[in-house]
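Chain letters run A, B, ... following the sequence lines, proteins first and then strands; every chain starts at 1.
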Amino acid sequence: MKYNFLEIEKKWQKYWRDNKTFKVGISKKPKFYVLDMFPYPSGAGLHVGHPLGYIASDIVSRYKRHKGFNVLHPQGYDSFGLPAEQYAIKTGQHPKKTTQENIEMYRIQLDRIGFSFDWSREIRTSDPEYYKWTQWIFIKMFNSYYCHIDNKAKEINELIKSFEKNGDKQYKDYLDNLGYSFSRNEWKNFNEKIKSDILMDFRLAYITEGEVNWCEELGTVLANDEIVNGVSERGGYPVSKKRVKHWCLRISKYSDRLLEDLNKIDWPEPLKEMQRNWIGKSKGVSLTFEVENSKNKIEVFTTRPDTIFGVSFLTVAPEYSDLNEIINADNRVSIENYIKKVSIKSERDRLADVKIMSGVFSGSYAIHPFSGKKIPIWISDYVLGSYGTGAVMGVPAGDQRDFEFAKKFNLEIPNIFEKINITESAFSDKTGFKLINSEFLDGYDFNSALNKIITKIEENKIGKSKIQYKLRDAIFSRQRYWGEPIPIYYKNDLPVHIDEKYLPLRLPKVDNFLPTKNGDSPLGNSEKWAWDEKNKKVTTNNKIDNQSIFPIELNTMPGWAGSSWYFYRYMDPNNHKNIISEKSQSYWSDVDMYFGGSEHATGHLLYSRFYQKFLFDLGILNRDEYAKKLINQGMILGNSAFIYRKKGTSEYLSKNLIDKVKVEKIRIDIKYLIGENEVDIDLLKYDDKDFNKSVFHFDNGKFQCIRELEKMSKSKFNVVNPDEICDYYGADTLRMYEMFLGPIEQSKPWDTRGISGVHSFLKKFWNLFFTEGKLNIVEDEPSSESLKSLHKTIKKVTEDIEKLSLNTCISSFMICINELSSLKCNNINILSPLIILISPFAPHFAEELWFQIGNKKSIIDEAYPMYDNKYLIESDKNYPVSFNGKTKFTISLSLDLNVEDIKKAVLSNEKTILILNNKKPKKVIVVHGKIINIVV
RNA sequence: GCUCGAGUGGUGGAAUUGGUAGACACGUUGGACUUAAAAUCCAAUGAGCAGUAAUGUUCGUGCGGGUUCAAGUCCCGCCUCGAGUACCA
C-alpha cells in the first residue's frame with residue numbers, strides 16, 4: 001500500500017467531523033486550555049505563515065489529550081472591525097456578505113490542515129448573540145467607577161450613595177482637580193446635567209470631548225496603538241488631530257495593576273517589556289509655579305526636581321487647558337496663529353519635525369518658587385498636552401530638548417553642574433555630578449539632592465511626589481459601520497444606557513455603510529436608529545420627540561472590544577442567560593497556553609488584561625489574569641522579488657548594471673520567477689502593459705532579479721498558499737515541515753525546497769509497515785537496539801514538546817526512523833507506540849496507520865507512551881580524550897570504572913603514550929561519564 | 001536616541017549545569033536502479049595544508065581581550081543585524 005496522503009487526509013477529516021472527535025465538555029479529567037489568537041477573515045485567505053501558531057498549538061493540544069487531559073482547543077473569528085470592513089469597501093460589497101464568505105473560505109482552508117478545533121464552540125464577534133455580551137460589558141463599565149480606596153472597580157451606585165451621604169468627602173482630591181466641591185445637600189439639589197457630568201468623570205466608560213487621532217482616509221478615530229510611525233496601522237494613511245466627542249475606557253486607572261501583575265504571568269520577556277514601556281511609569285514630583293500679577297498657577301511634572309535651580313523658562317503645550325489665562329494681550333494674534341499652525345500638523349509631520357524646535361512667548365512670567373526670579377512662560381508643541389500636566393519646567397542645562405529650545409530662542413542657560421561643560425549639549429546623566437548655583441542644594445549629588453528638594457517642596461506646600469504613567473485612556477468610538485453599536489441613547493442630550501435585558505442592540509440596516517470624510521458615523525444613514533423608551537425597542541428616526549423616543553449613539557466599538565474577552569465565551573458559548581456559567585468558569589478556569597503574535601503586545605494583549613481585571617473586580621470572573629503562559633510564534637518570511645528600473649524611464653536593468661545609474665526597485669510577483677532569480681520576461685510583458693515598451697538588459701542572456709526576505713503578505717506578491725502544499729505533499733507534511741523550520745518563536749524564511757526531506761521521512765516511516773504493498777508486521781520480542789531507539793525517542797520527544805522545542809522533536813523522529821530502517825524493524829511493539837508519538841504532528845498519517853494495524857477506534861485518546869530507563873542505560877561510555885582541551889581520540893570504557901581506574905586505562909593506552917612521547921602529563925582531569933582531559 | 005533580542009558550514013538550524021561544535025534536513029558532488037525522467041537507495045560534504053590512500057595536521061561559533069584543565073556557552077570592551085518605541089519632561 002502506498003502512502004496516499006490525499007485520500008487518507010480526506011478520509012480522516014471526514015471521520016473526525018462525523019464522529020465529533022474534537023467536541024469536549026466538562027468532565028472528571030483535568031482540564032487544559034490551549035488558545036490561538038482568532039483570525040480576522042481578511043479575504044486574502046491563508047498563507048503558509050498563518051497556520052504556524054495553529055500547528056504548534058494543535059500539537060500541544062493533541063499531546064495533552066494523549067496525556068489524559070480534557071483539552072479545550074477552540075477557534076473562532078474576529079469578524080468585526082476595520083480589516084473586514086476595508087475589504088468589503090474595496091470589493092464594493094456589504095461587510096456582512098464578505099465576512100460570511102471569507103469565514104467559509106477560512107474554514108475550508110483550516111480544515112484541510114487537520115486541526116483538532118472544537119468547532120461546536122465557534123464564536124464570531126460580529127454575531128449578535130456574541131456582541132450582546134460585548135455590549136453588556138460596556139454597560140458594566142459605564143456603570144462602574146474606580147475606587148481609589150479599595151483600588152478596584154465598583155458599581156457607580158456606591159459612588160452615588162457616598163455623594164448622597166458624605167458629599168465630596170471621600171473623593172475630595174480627585175473632585176478638587178476637576179473643579180468640583182459639594183456637600184451632600186448640594187449634591188441632592190444638583191440638576192440631572194450636573195450630576196451626569198460629575199459621574200461621567202468617574203465612569204470607566206465615559207464620553208468626552210477632546211483631541212483624537214483622526215484618520216480621514218479611513219474616516220475614523222484611531223487608538224494610539226493603531227497608529228504606527230504617524231500613519232494608520234491599517235493602510236498606512238495619514239493621521240491628524242481633531243477635536244470630537246468620543247467614548248473612552250478609563251484603562252489608565254489600571255496602569256499600576258497592569259504593570260505589577262506582569263510578574264504573575266509566564267509571558268515572553270520582550271513582550272512584557274513592551275507593555276512596561278507602553279504603560280511608562282515614572283516617578284517624580286508635581287510642582288506649582290505662581291504666575292506674575294495673576295491668580296493663575298502652573299503645575300508642572302518633573303522627574304528631576306533636583307535641577308530646580310536650573311529652570312530658566314516654563315513651557316506649556318498648545319493644547320494647555322488654561323492657556324487663555326496666560327496669554328498676554330499684546331501677543332494674542334501671533335500666539336493664536338502659532339496654535340493654529342501646530343494643530344493642523346499631521347502626526348507624521350510632527351514626527352518629522354522632532355528636531356526642529358518651534359514656539360512662541362506667552363507674554364507672561366512665572367515666579368521661581370525658591371529664588372523668586374521671573375521666568376518667561378513659553379508655548380511650544382514639544383510639550384504634549386496629554387502627558388503629565390501639559391506644562392514643563394525648562395532646565396536647559398539638564399535636558400537636551402530644553403537646551404535646544406533655549407538655544408533657538410536665546411533663553412538663559414544657567415549651569416548647575418560643577419565642572420561640567422554644557423556649551424554643546426545638556427548633561428542629563430543622573431550620576432557623576434555635584435550641583436552648583438543651587439542655593440541649599442549646592443554640593444549635593446543626584447540622590448541626596450532629590451531627597452532634600454522633595455522634603456522642601458512638600459514642606460512649602462508647593463507640590464508633592466507623583467507617579468506618572470504614559471498609558472492613556474483608550475479611545476473607544478469608531479465612526480464606522482462594521483462594529484458593535486454602543487448601547488447608549490441620548491435623553492435630553494445626557495447619555496443613558498439601554499437596559500441589559502434588551503440587548504443585543506443590533507446593527508441597523510443601512511444603504512450606505514461607507515465611512516464619511518467629515519467624521520459622521522454611517523449609522524446615521526439608517527432610518528431606523530432611535531430608542532423607544534416606553535416600548536423598549538429600536539424605532540425610526542423621524543419619531544424622535546425627546547419625550548420618550550431618543551436618538552441612539554452613532555459610533556460603533558473598535559475591533560478590540562470583541563477580542564478582549566472572547567476566550568471566556570469559548571468556555572460556554574451558547575449560554576443565553578449569562579456571559580459564562582459559574583460551572584463552566586470554575587472548570588475551565590483560564591488559558592493554560594496562549595499562542596499568538598507579538599504585534600498585539602500593546603493592543604489586544606493589554607486591553608484584554610484590562611477587561612479581565614475589570615470583570616474580576618466586579619466578581620464576574622474569578623481570576624485577574626487570563627493566560628498563564630503566552631507563546632509568541634515568529635513570522636514566516638516570504639521571498640519577495642524585485643527588478644530594477646532606471647529612474648524615470650521604463651528601462652529595466654539587471655543587477656550587475658545597477659551601480660552605474662539611479663534606479664528604482666520594482667516589486668514583482670514571485671510567480672514570474674523561473675528558477676532561483678531569473679524572471680520570465682514574457683510573463684511580465686503579458687501581465688503588465690507597461691513592460692511592453694520596456695527595454696531589458698540581460699546578464700548572460702537571462703534577466704535577473706534580486707530577492708529579499710519580507711513578511712508574507714498578499715500585497716508583497718510573495719505568499720505561498722498552504723493549499724498548494726497540501727495538494728502536493730499533504731497536510732501532515734506541511735504541519736511537520738512548518739515545525740521543522742526552526743524554533744517556534746523565531747521568524748524564519750519559507751523555503752519550499754526543504755519540504756521534500758520531511759515528506760520522504762513520512763514515506764520512510766510508512767514503508768516500515770509494508771512490503772510489496774502488503775502490511776507486513778511481526779509481534780515477537782523486539783531487539784534491544786530497536787527498544788533503545790524507541791525509548792530514547794519517547795524520552796526526547798516528550799521533553800521537547802514540554803519545552804515547545806518542536807523542531808528538535810522532528811529531528812528525533814527522523815533519527816529514530818533512520819535507525820529502525822537500517823534495522824529493518826517491522827515489529828509492532830516498536831512501531832505502535834511510535835504511531836501515537838507522531839500523531840500530534842501528523843494526525844491523518846497516524847490515524848491511518850493505527851487503523852491499518854487493526855485498531856477500530858481513533859488514536860486521539862490513546863495513552864501517550866512512557867519511556868523506560870532500563871532500555872536507555874549504557875554500560876560503556878565512549879570517552880573523548882583531549883590533550884590541553886583538544887580532542888585527539890576516543891576510548892570506550894565501562895561506566896563502572898572509577899576515576900582512578902579510568903586514569904590508569906587512559907595513561908596506559910598506546911595512543912596516549914604515542915602522543916605524550918615520554919613527556920609527563922602535568923594533570924589528568926576525568927569527569928566521570930563525560931570527558932578526559934590530559935594537561936601536558 | 002532609548003529598550004529588548006540575535007550573530008554557528010553554501011542554506012534552515014542542533015549542541016544538558018562550561019565537557020567530542022556543526023545533530024537533523026536542504027543543497028551540492030559521485031554512484032546504483034531506469035531506454036529516459038521521476039521516485040527510491042548508497043557514499044562524500046566546515047575551510048586549508050600534506051599524502052595515491054588509510055591518515056595526519058592547522059584554523060574555525062561576528063571582532064578584541066579575560067577567567068578556566070576545558071568557552072558557541074561565563075566576564076569586560078566593541079561591531080553588525082532585527083524588533084519595539086519615539087519630543088513621556
From CG of A:Asp399 across to C1' of B:A89 the rounded distance in Å is 6 Å
Considering only the C1' atoms, how many Å lie between B:C26 and B:A36, rounded to the nearest integer? 26 Å
#### Entry: Separation between the C1' atoms of B:U8 and B:A15, rounded to whole Å
10 Å
Using a strict cut-off of less than 4.0 Å between a Lys/Arg side-chain nitrogen and an Asp/Glu carboxylate oxygen, indicate whether A:Glu900 and A:Lys904 qualify as a salt bridge. no
To the nearest angstrom, the CD1-P distance between A:Ile815 and B:G22 comes to 13 Å
Between A:Tyr469 and A:Tyr737, the residue closer to the 5' end of RNA chain B by nearest nucleotide is A:Tyr737
Checking B:C87, B:G12, B:C4 against the side chain of A:Leu741 (C-beta onward), the nearest is B:G12
Which of B:C69, B:A89, B:U85 is nearest the side chain of A:Lys923? It is B:C69
From the candidates B:A89, B:C59, B:A25, the one with an atom nearest any side-chain atom of A:Met814 is B:A25
| query | With rounding to whole Å, what would you report as the distance between B:C74 and B:U20 at their P atoms? | reply | 16 Å
Stems field, RNA chain B, Watson-Crick or wobble, 3.5 Å, at least 3 pairs, by first number, holds B:1-7 with B:79-85, B:10-12 with B:24-26, B:27-32 with B:40-45, B:46-50 with B:55-59, B:62-66 with B:74-78
Looking only at B:C69, B:G19, B:U20, the nucleotide nearest the A:Thr890 side chain is B:U20
Of B:G19, B:U57, B:A25, the nucleotide closest to the side chain of A:Val927 is B:G19
Q) Is A:Glu273 paired with A:Arg276 through a side-chain N to carboxylate O contact shorter than 4.0 Å? A) yes
Taken to the nearest whole Å, CG/A:Asn884 to P/B:U68 is 15 Å
Using a heavy-atom cut-off of under 4.0 Å over every strand shown, decide if A:Asn878 touches base, sugar-phosphate, or nothing.
-> base
Taken to the nearest whole Å, NZ/A:Lys470 to P/B:G84 is 15 Å
At under 4.0 Å between heavy atoms, what does A:Gln468 touch on the DNA or RNA strands: base, sugar-phosphate, or nothing? nothing
*asked:* Less than 6.0 angstrom separating the ring centers of A:Phe841 and A:Phe813, yes or no?
replied: yes
Ion pair present between A:Glu7 and A:Lys2, side-chain N to carboxylate O less than 4.0 angstrom? no
Atom CD of A:Glu745 and atom P of B:A83 are separated, to the nearest Å, by 17 Å
Assess the pair A:Tyr3 and A:Phe765: is the distance between their ring centroids shorter than 6.0 Å?
no
Between B:U45 and B:C24 - P atom distance, rounded Å
12 Å
*Taking the side chain as every heavy atom from C-beta outward, state whether A:Lys803 and A:Thr808 have any pair of such atoms under 4.5 Å apart.*
no
Checklist line | Working for side chain to side chain contact (heavy atoms under 4.5 Å, CB included), residues A:Ile326 and A:Ile379 | finding: CA-CA 10 Å; A:Ile326 299 163; A:Ile379 301 160; over 6 Å; no
* Taking A:Asp306 for its side chain and A:Leu450 for its backbone only, find out whether a donor-acceptor pair lies under 3.5 Å. => no
Checklist entry - In whole Å, what separates the P atom of B:G27 from that of B:U11? => result 15 Å
Looking only at atom C1', what distance separates B:A38 and B:A47, rounded to whole Å? 35 Å
Closest of B:G19, B:A23, B:G12 to the A:Pro749 side chain is B:G12
Separation of B:A14 atom C1' from A:Leu806 atom CG, nearest Å, is 15 Å
Which of B:A89, B:C4, B:U20 is nearest the side chain of A:Thr887? It is B:U20
Rounded to whole Å, the OH-C1' distance (A:Tyr382 to B:A89) equals 8 Å
Base orientation of B:G9, chi within 90° of 0 counted as syn, else anti, reads syn
Near-ring test A:Tyr729/A:Tyr737, centroid separation under 6.0 angstrom: no
note: A:Ile755, atom CD1; B:G27, atom C1'; distance rounded to Å ~ 16 Å
For A:Ser362, the side-chain hydrogen bond (donor to acceptor under 3.5 Å, both in side chains) test, sequence neighbours excluded, returns none
Inset, instruction - For B:G66 and B:G72, measure between their P atoms and round to the nearest Å. - result: 15 Å
Taking B:C4, B:G13, B:U3 as options, the one with an atom nearest any side-chain atom of A:Asn277 is B:U3
Distance between P atoms of B:U67 and B:U29 (Å, rounded): 47 Å
Picking from B:U20, B:U3, B:C41, the nucleotide nearest the side-chain atoms of A:Lys764 would be B:C41
Assign each of A:Val935 and A:Gly388 the nucleotide of RNA chain B bearing its closest heavy atom; nearer the 5' end lies the nucleotide of A:Val935
With the side chain defined as heavy atoms from C-beta on, A:Ile925 is closest, among B:C24, B:C69, B:U20, to B:C69
**OP:** Give A:Asn933 one of three labels, base, sugar-phosphate or nothing, depending on what nucleic acid heavy atoms sit under 4.0 Å from its own.
**Re:** base
